[in-house]
Amino acid sequence: MKPLIELKNILKSYPLGDQRIPILKGISLTVGAGEFVAIMGPSGSGKSTLMNVMGLLDRPDSGSYLLDGQEVQSLDERNLARARRETLGFVFQQFHLLPRLSALENVSLPLLYSIRSMPLAPAERLLRRVGLGDRMEHRPAQLSGGQQQRVAIARSLIQSPRIILADEPTGNLDTRSSAEILSLLRELNLEGMTVILVTHEADVANAANRIITIRDGRIESDLRKSEQNPIPEIHGKKTVFQMAKDGNRYLELFKQAGRTLIANKLRTVLSTLGVLIGVAAVIAMLAIGKGAQEAIETQLSSLGSNLLSVRPAAIRIGGVTMESDWLKITKEDAEAILLRVPEAKQTGCVVQANNQRVAWQEKNAATQVFGTQPLYARMHALIPVVGRYFTDDENQSRALVTVIGATVSRELFGLENPVGKTIKVNRIPMRVIGMLPEKGASSFGDRDDQIHVPLHTAMFRLFGKSFLDFIEVEIEKGADMGVAQNRIDSVLRSRHDIPPSQTEEAFRIFNMADLQSALSETSKTMSLLLLVIAGISLFVGGIGIMNIMLVSVTERTREIGLRKAIGGTSGDILLQFLVESAAIGVIGGVLGVLAGSGTALLVSLVAGWTTSISPAAVLGSFIFSSLIGMVFGLWPARRAAQLNPIDALKGE
């Protein structure tokens with residue numbers, strides 16, 4: 001008789017505090033193909049440990065173990081799983097049936113790790129064989145103990161193993177059910193299956209043809225019955241369905257994940273809630289933010305974002321940089337632009353000086369001084385909040401009047417009303433006739449730290465300038481800014497006789513940089529705020545998923561042990577739990593998209609705010625939530641995958 005199992009001097013001990021307690025003390029035995037062996041012994045004798053070693057669920061500390069001629073001590077985790085899958089079939093005392101699966105699905109489960117699918121036809125045949133043809137769709141809770149054990153036996157046969165290992169298969173059964181299970185095992189043995197069962201009951205052991213007694217970790221006796229008949233061996237023949245092509249493994253994993261999540265509804269809801277809130281926050285706030293950005297853009301446009309600023313630029317002719325007076329702009333240039341550029345609505349002439357000293361009594365400050373025309377206030381929405389702006393008559397007469405910004409007013413006058421008071425600008429006394437509205441700071445500095453004086457006053461009484469620093473051109477609403485820029489450039493080149501050969505920029509024409517910068521800064525700040533909120537919310541949701549998955553691993557350690565015992569690898573277990581955590585992320589993402597979109601619409605209806613839901617934000621949030629589920633589920637999944645099969649089977 002060809003040996004299937006050969007054990008030589010197997011030693012196994014377990015740690016207890018600082019010591020190790022020996023369990024198996026030099027076990028040596030051989031089991032031939034087609035034998036029916038019973039391993040007996042009192043509790044604590046080491047018989048279950050020996051069964052676990054033979055079943056590749058536990059590794060011995062030392063010794064040799066040949067399974068069908070192959071040394072199993074040298075096998076890695078993947079090959080051990082393959083050996084369990086193809087050679088061994090397990091029948092456990094505790095049945096270890098998954099409560100969420102029907103009897104049919106429990107029997108078919110090992111095929112998920114061999115052919116990557118769970119066909120039901122072979123499971124149906126086996127259940128009929130063990131007398132459960134009418135109980136296939138029942139779940140374990142709906143079956144008696146004897147029926148559950150028959151389901152477990154059918155499951156052990158699904159891969160046509162060469163050896164059946166039964167650990168106390170009748171320990172939890174009544175007398176009648178025990179007799180039925182023993183009869184079934186004897187029938188399988190007569191068909192050529194090698195059967196090894198562990199028991200402490202003599203009448204159960206008598207069903208076998210060979211009885212091995214263990215006591216205190218050593219073989220006490222090894223008796224063979226004289227009436228044992230030679231039995232033809234089944235050479236691990238694989239059925240047609242086991243040779244089939246891999247099925248849709250991932251679909252089956254998602255189905256099982258769905259059942260697990262449904263079975264724990266409250267836990268699933270709580271773990272999904274964090275992701276839902278995070279995604280909803282992203283969708284809603286991006287929608288509100290985009291709407292606010294559009295509103296800000298409209299507001300900035302009303303403040304003068306449709307302005308073009310025209311400034312002189314140095315040019316190079318013959319390799320020489322030219323900065324002659326003929327490049328500088330004048331009031332006549334502004335008048336020509338207004339006449340010859342159809343898109344121009346009005347123009348404003350400006351001279352400017354920075355760090356100009358202004359003083360009142362003992363207080364003084366450095367500020368910007370703008371020499372402008374009266375229409376400048378309308379172009380920039382700078383109508384004074386207190387007092388008034390200067391007039392055309394005051395500009396023409398070079399009147400010594402000024403309108404000051406809020407920052408200058410605070411520095412010189414504190415909370416006092418500045419109108420009517422006289423300040424000195426570069427030692428020249430000027431009467432304050434108004435205070436500009438507050439505009440706040442931008443990337444160019446404090447926009448309230450400035451004063452305005454009439455253009456002619458600035459040019460001829462303050463700065464002694466005959467040229468302008470720049471011209472501002474207000475473009476008609478809806479006009480093409482690019483076309484207007486080209487026409488302004490053409491007018492100025494013509495007036496200043498810029499040679500056609502000169503292709504470099506002679507005049508710089510651009511939109512109001514501070515307004516554009518304000519819009520950009522607002523967008524950046526809002527985007528950063530949304531990113532932080534989304535990150536915090538989704539991170540909290542991810543921690544929730546991790547916590548729930550860790551609890552799930554703890555509660556399902558026996559299931560993990562079972563999946564490994566029937567041929568699942570660490571990679572299979574890792575994938576199983578990753579699919580479950582990813583499913584939570586996907587569910588949270590879908591619900592979060594719906595909640596966020598609904599919130600944005602509600603805000604628009606109730607508060608009257610403009611909102612805009614971005615498809616890119618919806619898609620990005622959904623993808624990110626799915627990744628959150630996988631990333632935060634990775635550690636619990638790895639923890640599950642690294643569990644030792646025998647430790648997991650014993651887990652509570």
Side-chain angles (χ1 to χ4, degrees), residues 303-304 307-314 323 325 327-331 333-334 347-360 363-377 379-382 384 389-390 395 398-413 418 421-473 507-518 520-521:
L303 293 176
L307 296 178
L308 293 177
S309 178
V310 182
R311 300 171 184 267
E323 294 183 348
D325 288 349
L327 285 178
K328 295 182 178 179
I329 54 179
T330 63
K331 286 180 59 180
D333 289 328
T347 60
C349 302
V350 182
V351 293
Q352 175 187 352
N354 297 326
N355 295 319
Q356 301 298 300
R357 302 305 300 181
V358 294
W360 182 72
K363 298 179 181 179
N364 64 84
T367 189
Q368 289 180 307
V369 178
F370 286 86
T372 67
Q373 296 169 304
L375 53 82
Y376 186 89
M379 292 171 65
H380 287 270
L382 289 174
Y389 212 74
F390 42 80
N395 181 38
R398 307 177 186 179
L400 296 176
V401 294
T402 182
V403 182
I404 66 176
T407 299
V408 177
S409 177
R410 282 192 294 269
E411 290 181 353
L412 297 183
F413 303 104
K421 296 182 171 60
T422 299
I423 65 173
K424 289 185 178 180
V425 181
N426 289 344
R427 299 183 180 180
I428 297 176
M430 289 191 172
R431 181 168 56 90
V432 178
I433 60 173
M435 187 172 73
L436 300 170
E438 292 196 50
K439 294 294 184 179
S442 71
S443 57
F444 288 90
D446 187 356
R447 297 175 61 200
D448 296 320
D449 190 8
Q450 57 185 245
I451 67 172
H452 292 187
V453 300
L455 176 65
H456 290 167
T457 302
M459 292 179 67
F460 304 117
R461 303 189 69 170
L462 286 181
F463 308 140
K465 290 184 175 182
S466 57
F467 299 99
L468 302 177
D469 288 317
F470 58 93
I471 300 172
E472 289 189 346
V473 184
F507 299 94
R508 291 176 294 173
I509 305 172
F510 50 88
N511 293 336
M512 296 300 291
D514 54 346
L515 296 177
Q516 297 299 326
S517 177
S520 176
E521 291 295 330

Donor-acceptor contact below 3.5 Å, side chain [X] vs main chain [Y]:
X      : Y      : value
Thr402 : Val453 : no
Arg398 : Phe460 : no
Gln356 : Asn354 : yes
Glu472 : Gly348 : no
Asp449 : Gln368 : no
His452 : Phe370 : no

Check: Mind checking what makes salt bridge (charged side-chain N to carboxylate O under 4.0 Å, His left out) contact with Arg410, not counting sequence neighbours?
Finding: Glu438
Could you state the interatomic distance from [atom1] ([X]) to [atom2] ([Y]), rounded to the nearest 0.5 Å?
X      : Y      : atom1 : atom2 : result
Arg431 : Ile423 : CZ    : CD1   : 12.0 Å
Leu400 : Thr457 : CG    : OG1   : 6.0 Å
Thr367 : Asn355 : OG1   : CG    : 9.0 Å
Gln373 : Thr347 : CD    : OG1   : 6.5 Å

Side-chain contact test, heavy atoms from C-beta onward, threshold under 4.5 Å: evaluate it for [X] versus [Y] and give yes or no.
X      : Y      : result
Phe470 : Arg508 : no
Thr372 : Cys349 : no
Pro418 : Ile404 : yes
Met430 : Leu462 : yes

Notebook entry, point to check: What's the verdict on side-chain contact (heavy atoms from CB on, under 4.5 Å) for Leu436 and Leu382, showing C-alpha distance, side-chain angles and the deciding distance?
Noted result: CA-CA 6 Å; Leu436 300 170; Leu382 289 174; 4.2 Å; yes
Which pair of non-hydrogen atoms, one from [X] and one from [Y], has the smallest distance, and what is that distance?
X      : Y      : answer
Ile329 : Pro312 : CD1-CD, 4.1 Å
Met379 : Leu307 : CE-CD2, 3.7 Å
Arg311 : Ser309 : NE-OG, 3.4 Å
His456 : Lys331 : NE2-NZ, 2.9 Å
Pro437 : Asp448 : O-OD1, 3.6 Å

Check: What is the ring orientation for Phe413 with Trp360, classed by angle as parallel under 30°, tilted 30 to 60°, or perpendicular over 60°?
Finding: tilted
Next item on the list: Please name all residues satisfying side-chain contact (heavy atoms from CB on, under 4.5 Å) with Met459, sequence neighbours left out, ordered by chain then number.
Entry: Val351, Leu455, Leu468
